[in-house]
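Structure record follows, encoded as structure tokens.
Residue numbers begin at 1 in each chain, while the letters A, B, ... track the order of the sequences.
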Amino acid sequence: MEKTFQPADIETRWYQEWEARGYFAPQGGERAYSIMIPPPNVTGSLHMGHGFQEAIMDALIRYHRMRGYNTLWQVGTDHAGIATQMVVERQLEAQGINRHDLGRDKFVEKVWEWKEESGGTITRQLRRLGSSLDWSRERFTMDPGLSAAVQEVFIRLYREGLIYRGKRLVNWDPALHTAISDLEVVAEEEQGHLWHFQYPLAGGEGHVTVATTRPETMLGDTAVAVHPDDERYSHLIGRTIALPLTGREIPVIADDYVDREFGTGVVKITPAHDFSDYDMGRRHGLPMINIFNDDAAINDEAPEPYRGLDRLAARQRVVADMDALGLLEKVDDHTLRVPRGDRSGVVIEPYLTDQWYVDAREMAKPAIEAVESGAIQFVPKQWENTYFAWMRDIQDWCISRQLWWGHRIPAWYDESGNFYVGASEAQVRVEHELADSVTLRQDEDVLDTWFSSALWTFSTLGWPEETPELATFHPSSVLVTGFDIIFFWVARMIMMTLHFRKEVPFHTVYVHGLVRDGEGQKMSKSKGNVIDPIDLIDGIDLESLVSKRTAGMMQPQLASKIEKATRKQFPEGIAPYGTDALRFTYFSLASTGRDIKFDIGRIEGYRNFCNKIWNAARYVLMNCENQDCGVNSELPMDFSLADRWITGKLEETTAQVTRALENYRFDFASQALYEFVWNEYCDWYLELSKPVLWDDNAAEAAKRGTRHTLLHVLEKMLRLLHPFMPFITEEIWQTVGAMAGKSGPTIMLEPYPQAGEKGVDSVANADIEWLKGVIVGIRNIRGEMNIAPGKELPVLFRNGDQRDQARLGHNAQFLKKLARLADITWLSAGEESPVAATALVGELEILVPMAGLIDKDAELQRLGREIDKLEKDLSRLKGKLGNASFVDRAPAEVVAREQEKMEAQQQALATLQEQQQHIRQL
RNA sequence: AGGACUAUAGCUCAGUUGGUUAGAGCGCUACCUUGACAUGGUAGAGGUCCCCAGUUCGAAUCUGGGUAGUCCUACCA
């Protein structure tokens with residue numbers, strides 16, 4: 001074995017082996033366990049959030065596979081309608097053409113080509129993370145089978161009256177020329193202005209003043225509203241305004257939506273371009289004047305001078321014209337929330353169009369019930385509130401998108417504007433008995449990508465066919481996802497699945513936090529703080545990292561800032577840490593919080609941890625290879641105290657890890673493993689094995705017992721670690737497993753260790769704690785007195801009881817080796833001791849004679865510190881026990897424990913004070 | 001505006017039902033190449049558990065109030 005762990009070559013080697021041998025596919029078993037991967041964008045690439053999520057799913061999957069479940073991890077990708085179409089359009093743009101030049105069919109062909117070209121990136125990355133996905137069942141939302149499911153769902157919902165078509169105000173993206181759902185709009189605060197316009201009364205007797213943040217919309221105003229109880233304006237209600245610039249007259253209406261406190265208390269109403277105005281317009285039967293075209297430029301409904309102007313130009317023109325008329329009263333600075341498309345980044349316009357909707361209100365009812373009843377449980381539970389809050393006030397879901405890439409809506413129109421929903425034009429004709437002379441054209445629009453991903457848990461398993469896979473693996477066991485898509489995806493999956501399957505899509509939703517950078521900033525391309533998980537695995541030099549972060553930016557002016565920050569943060573680039581270290585880092589960060597700050601220091605620590613495991617294995621192999629380890633022999637074995645102790649500790653760790661996994665506390669699991677491997681197995685057990693293995697006089701049975709323990713604890717530990725660190729454990733296990741008598745081909749399919757077969761050996765535990773206490777006491781003196789670590793010390797013991805004597809008797813060789821002792825002398829009661837530095841283990845005094853070794857003042861200082869600490873603690877304990885109400889009212893065992901503690905401390909204090917006196921007198 | 005979450009060591013975070021000497025990793029200090037590992041070992045320093053009040057014999061933990069930050073929802077033109 002190499003002296004240090006080198007992850008690079010073993011990782012790809014093992015992954016290929018596992019995949020080629022079909023280990024990832026379901027293996028049978030009575031109980032099924034399944035997870036459906038949240039489908040990433042087929043042409044995208046994995047970011048840290050994905051890496052985190054995949055690691056968690058893989059741990060769950062590997063754990064259950066090892067537990068003998070019939071385990072399926074379903075893999076696949078989605079077609080990401082808007083994002084993918086945007087990318088291809090940009091490619092075309094670079095060639096100076098747009099999609100309309102190509103036409104729909106050619107364009108969609110281009111997108112498929114791009115999908116074929118770039119679709120491998122994400123699956124390659126998933127493999128690098130070690131994800132044990134069943135690649136034989138890979139699905140894509142645009143596959144024929146999944147597309148058929150989408151069509152089936154659309155048609156059935158339409159026939160049930162749960163999908164309808166309507167002319168409504170939607171969120172219109174003027175850059176992408178499509179409607180988007182409210183979830184795809186992000187509203188951020190921005191600096192704007194509030195323009196105050198005077199609107200003259202039609203009779204010429206004065207004016208009212210309205211305030212607006214979007215002056216251009218006045219061209220579409222159809223009323224002015226005041227609050228019904230507002231005495232300032234009550235006389236105006238029912239009168240008429242001469243709307244400037246348009247020549248139209250509009251009424252003054254009363255509506256209690258109006259906030260009397262805001263602005264002037266008078267609101268202009270533009271029902272076709274504002275959501276709340278739209279509602280008011282419907283309440284009052286106002287006309288709706290649409291003044292925009294698809295680009296959000298002014299259309300021909302508006303007065304001639306404004307036609308064709310972009311909305312911003314129109315705004316300037318309107319303001320200038322109003323000013324010229326003397327009707328611009330004032331302009332205030334104003335902070336407002338501007339809605340922008342989360343993909344395009346442009347300002348979204350409320351826009352009146354024909355769209356398709358899902359009646360979400362109706363479908364939400366059973367979906368709420370499923371969570372209320374506990375059929376679906378969120379972990380952590382608090383996310384259920386988020387879910388409920390949204391579901392109980394859900395809006396109808398606009399599912400049509402004016403794109404070419406996606407599932408085309410199965411609806412056909414005739415020339416009189418009637419439409420027919422069905423699986424194909426031919427079927428529609430038959431069903432509706434349409435003559436051949438009737439021309440039909442299919443709806444141009446496609447469905448929201450989330451519409452198809454809402455079917456993901458069952459469409460991937462073959463629905464609408466009733467396949468064996470559906471029967472076995474649906475509902476799935478758990479959904480692992482980020483809280484940011486609870487609305488987008490989780491809620492919609494629950495609604496769709498309950499409706500079509502009459503069962504839940506999953507029993508548990510594990511919601512994890514969002515991975516952020518070391519400063520807590522969201523990782524994004526425009527911030528230039530993105531880390532590719534693969535770069536943490538393979539490493540990347542600084543120059544490549546800088547160019548990766550600054551390439552192809554939407555806002556190139558930020559590049560130099562990003563370059564500077566990157567050079568500062570990663571002056572040496574990023575070292576290669578390997579997949580196992582990356583995964584272990586994710587687990588250690590997977591607590592219940594909402595933000596996960598990714599600190600590069602953590603991964604380095606876990607890379608070191610891998611190396612520790614590697615070297616522990618090296619030690620075990622050096623000592624056990626070609627030796628009798630008691631595996632297949634009948635020869636007797638003696639197990640030392642340390643052997644029994646570490647075996648018990650492993651049991652304890654197994655129980656902790658299992659409990660943590662059952663509770664989705666991957667941070668607890670990783671901590672328990674780290675603690676065991678490093679602080680118990682390596683720091684103590686391996687050291688304690690040396691005196692036995694390296695002692696020529698030790699009995700063969702004892703050596704055999706120790707080798708046996710070394711080997712079997714390591715082997716079991718590897719299995720315990722495997723779901724978290726698949727590669728290093730497989731690599732080591734291949735040798736160690738065979739030596740320990742395992743014949744399976746891979747650790748992946750070995751049983752996961754179960755706790756509780758053997759109890760913890762509490763006697764061995766107490767004895768080892770004693771031993772550690774003695775060793776640490778001596779090391780402490782050595783460390784603080786600056787005695788060379790190699791210097792062998794004589795040590796005296798005094799004042800211990802029979803148990804101390806017995807323990808010393810059994811462990812003298814361990815003590816000598818681990819504390820580097822020359823000899824140990826037991827002083828009988830009352831025997832005079834030389835002047836010495838002292839350590840205490842219970843009542844036992846450990847004395848290191850000072851002659852020539854220890855400086856008097858240094859030892860006095862050290863004792864002083866110890867005594868201070870004891871005195872402080874003691875006064876706290878005395879106060880507590882002197883408090884009558886504590887003694888009376890606290891449980892007896894708590895009082896007794898405090899009492900014991902106090903007595904022990906008093907004893908220790910007395911001993912140390914005596915020593916202090918003794919040394920002072922020198 | 002409403003709601004949620006967070007506040008613990010220099011940094012990133014644990015702390016499950018109130019009783020711990022309040023922990024871990026990284027970082028820091030000193031010493032050390034000893035036959036698994038310097039990606040290491042040994043020892044050590046470092047905390048007003050955000051603030052105030054309350055409940056309790058006892059609060060990092062429970063309750064109320066405040067401060068700061070993050071996020072989500074909402075029609076303030």
Side-chain angles (χ1 to χ4, degrees), chain A residues 1 3-5 187 194 210-214 217 225 257-259 261-270 274-280 334 336-337 382-383 385-386 389-390 393 483-484 486-487 514 518 520 575 577 581 585 588-589 591-602 604-623 659 663 665 667-668 671 674-675 679 682-683 686-687 690 694 776 779-790 820 869-870 872-873 876-877 880 883-891 893-895 897-898 901 905:
Chain A
M1 281 174 92
K3 196 171 170 183
T4 54
F5 173 54
L194 195 56
V210 298
T212 180
T213 54
R214 294 190 298 155
T217 62
Y257 152 76
V258 178
D259 179 355
E261 309 302 317
F262 190 90
T264 58
V266 185
V267 192
K268 59 188 272 309
I269 304 299
T270 323
D274 182 280
F275 285 99
S276 49
D277 290 7
Y278 177 80
D279 291 339
M280 203 186 298
H334 184 66
L336 71 164
R337 286 167 66 87
Q382 74 220 30
W383 291 110
N385 292 330
T386 309
W390 190 70
D393 189 31
F483 62 82
D484 52 330
I486 289 178
F487 306 148
L514 252 43
Y577 295 110
T585 309
S588 72
L589 295 170
S591 58
T592 57
R594 225 180 33 183
D595 295 327
I596 295 157
K597 286 193 213 172
F598 191 86
D599 176 13
I600 198 92
R602 296 287 297 248
E604 192 176 334
Y606 294 116
R607 191 262 324 255
N608 297 352
F609 180 53
C610 291
N611 191 53
K612 196 73 180 172
I613 296 170
W614 185 258
N615 275 287
R618 245 161 49 94
Y619 171 80
V620 173
L621 292 179
M622 278 176 188
N623 286 285
R659 192 173 344 114
N663 291 315
R665 287 304 300 264
D667 56 334
F668 286 175
Q671 206 186 335
Y674 188 96
E675 162 85 15
N679 303 115
C682 291
D683 281 355
L686 295 193
E687 295 307 320
K690 290 173 185 175
W694 296 352
V776 168
R779 282 179 182 168
N780 183 302
I781 291 171
R782 198 189 274 279
E784 296 205 32
M785 295 301 120
N786 273 327
I787 300 170
R820 294 227 157 214
K869 220 186 280 177
L870 280 173
K872 220 171 113 196
D873 205 33
R876 192 182 56 84
L877 284 166
K880 211 168 182 180
N883 181 351
S885 53
F886 170 71
V887 179
D888 292 346
R889 308 179 73 158
E893 73 225 44
V894 173
V895 178
R897 200 161 60 224
E898 298 294 302
K901 230 188 273 176
Q905 306 266 41

Partners meeting salt bridge (Lys or Arg N to Asp or Glu O under 4.0 Å) with A:D277 (sequence neighbours left out): none

Rounded interatomic separation in angstrom, taking CZ from A:F275 and P from B:rU73: 15 Å

Under the 3.5 Å Watson-Crick or G-U criterion, the dot-bracket string of RNA chain B, with | for inter-strand pairs: (((((((..((((.....[...)))).(((((.......))))).....(((((..]....))))))))))))....

Every protein N/O lying under 3.5 Å from an N/O of nucleotides 47-50 of chain B:
none

Short side-chain N/O contact from A:H334 to OP1 or OP2 of B:rA77, under 4.0 Å: yes

Per-nucleotide protein contact string for nucleotides 35-45 of chain B (B base, S sugar-phosphate only, - none; heavy atom under 4.0 Å): BBBSBSSSSS-

Sugar-phosphate, base or nothing in reach of A:Y674, heavy atoms under 4.0 Å: sugar-phosphate

Test applied, side-chain contact (heavy atoms from CB on, under 4.5 Å); reference residue, A:T585; option that passes from A:F609, A:Y577, A:Y606: A:Y606

Under 3.5 Å donor-acceptor, A:R602 side chain and A:L589 backbone: no

Rounded interatomic separation in angstrom, taking CG from A:D484 and C1' from B:rC72: 12 Å

Face-on cation placement of A:K612 at A:Y674 ring, 6.0 Å and 45° thresholds: no

Side-chain donor/acceptor of A:R665 to backbone N/O of A:S591, under 3.5 Å: no

By side-chain hydrogen bond (donor to acceptor under 3.5 Å, both in side chains) - contacts of A:R618 (at least two apart): A:N615

Minimal non-hydrogen separation, A:M1 against A:L621, with atom names: SD-CD1, 3.4 Å

Annotated protein contacts, base or backbone, on nucleotides 4-19 of chain B with a non-hydrogen cut-off under 4.0 Å, one of B, S, - each: B-------BSSS---B

